[in-house]
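The structure appears right after this line, and notes come after that.
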Amino acid sequence: MVFVCVACGVPLTGPLVRLPAVPEAPYYAWWEAEEPGPSPATVPAGRYAVETEPYGAPLVASEVPVPVMPRYGTMSDGRGRWLVSRGPRGPRGNIVVDPGDVHGLEDDHASPACCGATPTGGMNQRCS
């Protein structure tokens with residue numbers, strides 16, 4: 001499978017092979033350090049996976065503390081309410097690839113209402 005820009009058709013990856021599921025991310029001690037480093041890629045190079053669980057904004061309140069998204073952990077809104085990725089109707093079908101397999105993208109603005117790297121925003125990328 002080669003992924004292309006939906007707007008202009010430029011290839012964004014080389015050929016990738018689908019995994020049956022998104023791998024579970026192992027624990028890394030530096031996540032709890034004062035200045036944590038970047039997390040390693042979840043999907044190995046040359047592969048991709050489709051996220052079947054809700055992932056991404058918008059986030060909505062939950063009655064119980066559950067992971068806000070797969071492999072992310074819990075998050076609250078600061079008012080004592082737990083957040084989840086829009087519950088059972090949340091966005092699904094996100095494609096997960098190794099960042100090293102993607103080319104032709106440039107950094108874009110950070111936005112918690114878009115598809116940032118974390119549920120609270122983060123740098124997005126777009127086709128250059």
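Everything numeric here is computed off the predicted structure, so don't read it as measured data.
Of all non-hydrogen atoms in V96 and E51, the two that sit nearest each other are CG2-CB, 4.4 Å. The two atoms that bring A49 and V43 nearest to each other are CB-CG2, 4.4 Å, heavy atoms only. G14 and H103 make their closest contact through N-NE2, 4.0 Å (heavy atoms, listed as atom of the first residue, atom of the second, distance). The shortest heavy-atom contact between P11 and V2 is CB-CG1, 4.2 Å.
Contact check for D98 versus P44: no side-chain heavy atoms found under the 4.5 Å cut-off.
Residues Y48 and V102 share a single hydrophobic cluster, defined by chaining ILVMFWY side chains whose heavy atoms lie under 4.5 Å apart. Linking Ile, Leu, Val, Met, Phe, Trp and Tyr whenever their side-chain heavy atoms come within less than 4.5 Å puts L105 and V97 in one cluster.
Think of W82 as one node in a network of Ile, Leu, Val, Met, Phe, Trp and Tyr side chains linked at under 4.5 Å; it has no links at all.
Between the side chain of S128 and the backbone N or O of E106, no donor-acceptor pair lies under 3.5 Å. Checked by atom type and distance alone, the side chain of T42 never pairs as donor or acceptor with a backbone atom of P23 at under 3.5 Å.
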Run the side chain to side chain contact (heavy atoms under 4.5 Å, CB included) check on V50 and I95 step by step: do they pass? CA-CA 5 Å; V50 179; I95 305 299; 3.8 Å; yes

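Every residue two or more places apart in sequence or in another chain was checked for a salt bridge (Lys or Arg N to Asp or Glu O under 4.0 Å) with R18, and none qualifies.
Separation of atoms CZ (R47) and CG (L16) is listed at 9.0 Å; rounding is to 0.5 Å.
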